[in-house]
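Owing to the predicted nature of the structure, the values given are computational and were not obtained by experimental measurement. Hydrogens, waters and symmetry mates are skipped; everything else that's a heavy atom, side chains included, is used.
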Amino acid sequence: MEFTSAQRLDDGVLEREFTLGEIPGTLWTPESAVPVPLILMAHNNGLPRNQSRLVARARHSAASGYAVATIDAAGCGDRPRSATDEQARGELRRAMQAGEPVDEIFESLVGSLVERAVPEWRATLDALLALPEIGGPVGYSGWMAVGIRLAAVEPRIAAAGFFAGGFVPRAQREEARQVTVPLLLLLQWDDEGNPRQRALDLFDTFGSKEKTLHANPGGHTGTPWFEVEDGSRFFDRHLK
């Protein structure tokens, strides 16, 4: 892991850009005399790591005493997109404009992103836990499809907060049974792109003994800020 820039923000949080091979990422760490827990934070479906909502959540968590890391995994952010990705995105735009079903297109596109993203997240986790300022435990927050696979295969994930606002492929819907860590699921009740019944069914599928569902009225990007604060309390219970 190579750090390429660093700046101290107004709230005392240190923000550093890094690269790990071809993987670009950002790490936020609080001022602390002891190693701190880590939260991996991912945005849905290929959006960049510097998206304003993700950065706001990351800075809030870092100011609350966590190291927070995010990456642009393969096919995400400014990373090169494969010809298959571009074809799927083109088909998706055409189908949505024509009012045609899009689930199978999402199945192909998101399934491919998950398969490529999770190994990169695990490699990033290895590098982060080698830093002296980070001690664990580890939480995950954000993109549910990637988070399900990561929580199913990565024993170092101790708690997970998911946003039910992105498509979850069939493989991850099955893998949800293997997720047993404490879970917080955020659902926007009127999300036009995410049928609520599908999210409710998935919540039932998770194997976690401790799982909580927070549902709020509003569309895809309308998650209220107080859910970020509640999410901090959730991670405090399980990571500190």
| message | For a side chain to side chain contact (heavy atoms under 4.5 Å, CB included) check, start with the C-alpha distance between Phe235 and Lys240, then their side-chain angles and the critical distance, and finish with the verdict. | response | CA-CA 7 Å; Phe235 284 120; Lys240 287 187 175 180; over 6 Å; no
| said: Working note: Cys76 + Trp143, criterion side chain to side chain contact (heavy atoms under 4.5 Å, CB included); need CA distance, chi angles, decisive distance, verdict. | reply: CA-CA 12 Å; Cys76 300; Trp143 184 2; 4.0 Å; yes
| task | Show your working on side chain to side chain contact (heavy atoms under 4.5 Å, CB included) between Leu125 and Leu38 and close with a plain yes or no. | result | CA-CA 9 Å; Leu125 178 57; Leu38 171 65; 3.7 Å; yes
| said: Assess the residue pair Trp121 and Thr70 against the criterion (side chain to side chain contact (heavy atoms under 4.5 Å, CB included)); give the C-alpha distance rounded to whole Å, side-chain angles, the decisive distance to 0.1 Å, and a yes or no. | reply: CA-CA 9 Å; Trp121 274 106; Thr70 187; 4.2 Å; yes
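Cluster annotation: Leu14 and Trp28 are assigned to distinct hydrophobic clusters (Ile/Leu/Val/Met/Phe/Trp/Tyr, side-chain heavy-atom contacts under 4.5 Å, transitive). A single hydrophobic cluster is not seen to contain both Val110 and Leu54; linkage of ILVMFWY side chains at heavy-atom distances under 4.5 Å, directly or through other members, places them apart. Hydrophobic clustering (side-chain heavy atoms under 4.5 Å, transitive across Ile, Leu, Val, Met, Phe, Trp, Tyr) keeps Val13 apart from Leu27. No path of Ile, Leu, Val, Met, Phe, Trp and Tyr side chains, each step under 4.5 Å between heavy atoms, connects Leu40 with Phe163, placing them in separate hydrophobic clusters. Criterion: ILVMFWY side-chain heavy atoms under 4.5 Å apart, direct or through other members. Under it, Leu113 and Phe167 are part of a common hydrophobic cluster.
Counting heavy atoms from C-beta outward, Val138 and Leu129 have side chains that approach closer than 4.5 Å. In this structure, the side chains of Arg16 and Ser5 stay at 4.5 Å or more apart for every pair of heavy atoms. Considering only heavy atoms from C-beta on, Thr26 stays 4.5 Å or farther from Val68 through its side chain. A 4.5 Å side-chain heavy-atom check between Arg8 and Glu15 finds every atom pair outside the cut-off. Side-chain contact between Leu186 and Asp230 is absent, with no heavy atoms from C-beta onward closer than 4.5 Å. Residues Asp72 and Asn50 fail the side-chain proximity criterion, which asks for heavy atoms closer than 4.5 Å. Here the side chains of Arg49 and Pro24 are in contact, with some heavy-atom distance below 4.5 Å. At least one side-chain heavy atom of Asp85 sits less than 4.5 Å from a side-chain heavy atom of Leu109.
Contacts classified as side-chain hydrogen bond (donor to acceptor under 3.5 Å, both in side chains) and involving residues 183-193 (residues at least two apart or in different chains) are given here: Asp191-His220.
Taking the six-membered ring where the residue is Trp, Phe18 and Phe3 present perpendicular rings, their angle passing 60° and hence far from 30°.
Between Phe162 and Phe206, the distance separating the two ring centers is shorter than 6.0 angstrom.
Tyr140 places no side-chain N or O within 3.5 Å of a backbone atom of Ala158 that could act as its donor or acceptor partner. A donor-acceptor distance shorter than 3.5 angstrom exists from the side chain of Glu107 to the backbone of Arg170, with no hydrogens or angles considered. Between the Arg198 side chain and the Asn194 main chain, no donor and acceptor come within less than 3.5 Å of each other. Arg173 contributes a side-chain N or O that, together with a main-chain N or O of Val168, makes up a donor-acceptor pair within less than 3.5 Å. Within the 3.5 Å criterion, the main-chain N or O of Leu184 finds no donor-acceptor partner in the side chain of Thr212.
Residues Pro35 and Ile134 approach most closely at CB-C, 3.9 Å, considering heavy atoms. Counting all heavy atoms, side chain and backbone alike, Pro101 lies closest to Ala95 at O-CB, 4.2 Å. When all heavy atoms of Gly65 and Val36 are compared, the closest pair comes out as O-CB, 3.5 Å. Ala159 approaches His238 most closely through the heavy-atom pair CB-CB, 3.8 Å. Pro37 and Leu239 get closest at one heavy-atom pair: CG-O, 3.5 Å.
The distance from the CG atom of Leu92 to the CZ atom of Arg89 is 9.0 Å, given to the nearest 0.5 Å. Here the straight-line distance linking atom CD1 of Ile39 with atom CD1 of Ile157 works out to 10.5 Å at 0.5 Å rounding. Distance check, rounded to the nearest 0.5 Å: OG1 of Thr29 to CG of Leu131 gives 9.0 Å. Note that CG of Leu185 is 7.0 Å distant from CG of Leu202, once rounded to the nearest 0.5 Å. Atoms CD1 and NE2, from Ile71 and His43 in turn, are 14.5 Å apart once rounded to the nearest 0.5 Å.
Glu100 is linked by a salt bridge (Lys or Arg N to Asp or Glu O under 4.0 Å) to Arg94, counting only residues two or more places apart in sequence or in another chain. Considering only residues two or more places apart in sequence or on other chains, Thr4 meets the side-chain contact (heavy atoms from CB on, under 4.5 Å) condition with Glu17, Thr19. Take Glu91 and apply the salt bridge (Lys or Arg N to Asp or Glu O under 4.0 Å) test, not counting sequence neighbours, and it matches no residue. For Ser208, the side-chain contact (heavy atoms from CB on, under 4.5 Å) partners are Val179, Leu183, Lys211, not counting sequence neighbours.
Remark: the Thr205 side chain and the Arg177 side chain contain no N/O donor-acceptor pair separated by less than 3.5 Å. Glu229 and His60 share no side-chain donor-acceptor pair at under 3.5 Å. Using a 3.5 Å distance cut-off with no hydrogens or angles, the side chains of Arg57 and Ser61 do not pair a donor with an acceptor.
Contact check on Arg79 versus Glu120 returns a salt bridge, with a Lys/Arg side-chain nitrogen under 4.0 Å from an Asp/Glu carboxylate oxygen. Of the charged side-chain nitrogens involved, none lies within less than 4.0 Å of a carboxylate oxygen, so that Arg196 and Asp201 do not count as a salt-bridged pair.
Applying the 6.0 Å contact sphere to CG of Asp204 captures more than 12 heavy atoms from other residues, nucleotides or ligands.
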List, one per line, each side-chain donor-acceptor pair under 3.5 Å for residues 144-154, sequence neighbours excluded.
residue : atom : partner : partner atom : Å
Arg149  : NE   : Glu175  : OE1          : 3.0
Arg149  : NE   : Glu175  : OE2          : 2.7
Arg149  : NH1  : Glu115  : OE1          : 3.4
Arg149  : NH1  : Glu115  : OE2          : 3.3
Arg149  : NH2  : Glu115  : OE2          : 3.0
Arg149  : NH2  : Glu175  : OE2          : 3.2
Glu154  : OE1  : Arg122  : NE           : 2.9
Glu154  : OE1  : Arg122  : NH2          : 3.3
Glu154  : OE1  : Arg156  : NH2          : 3.1
Glu154  : OE2  : Arg156  : N            : 3.1
Glu154  : OE2  : Arg156  : NE           : 2.8

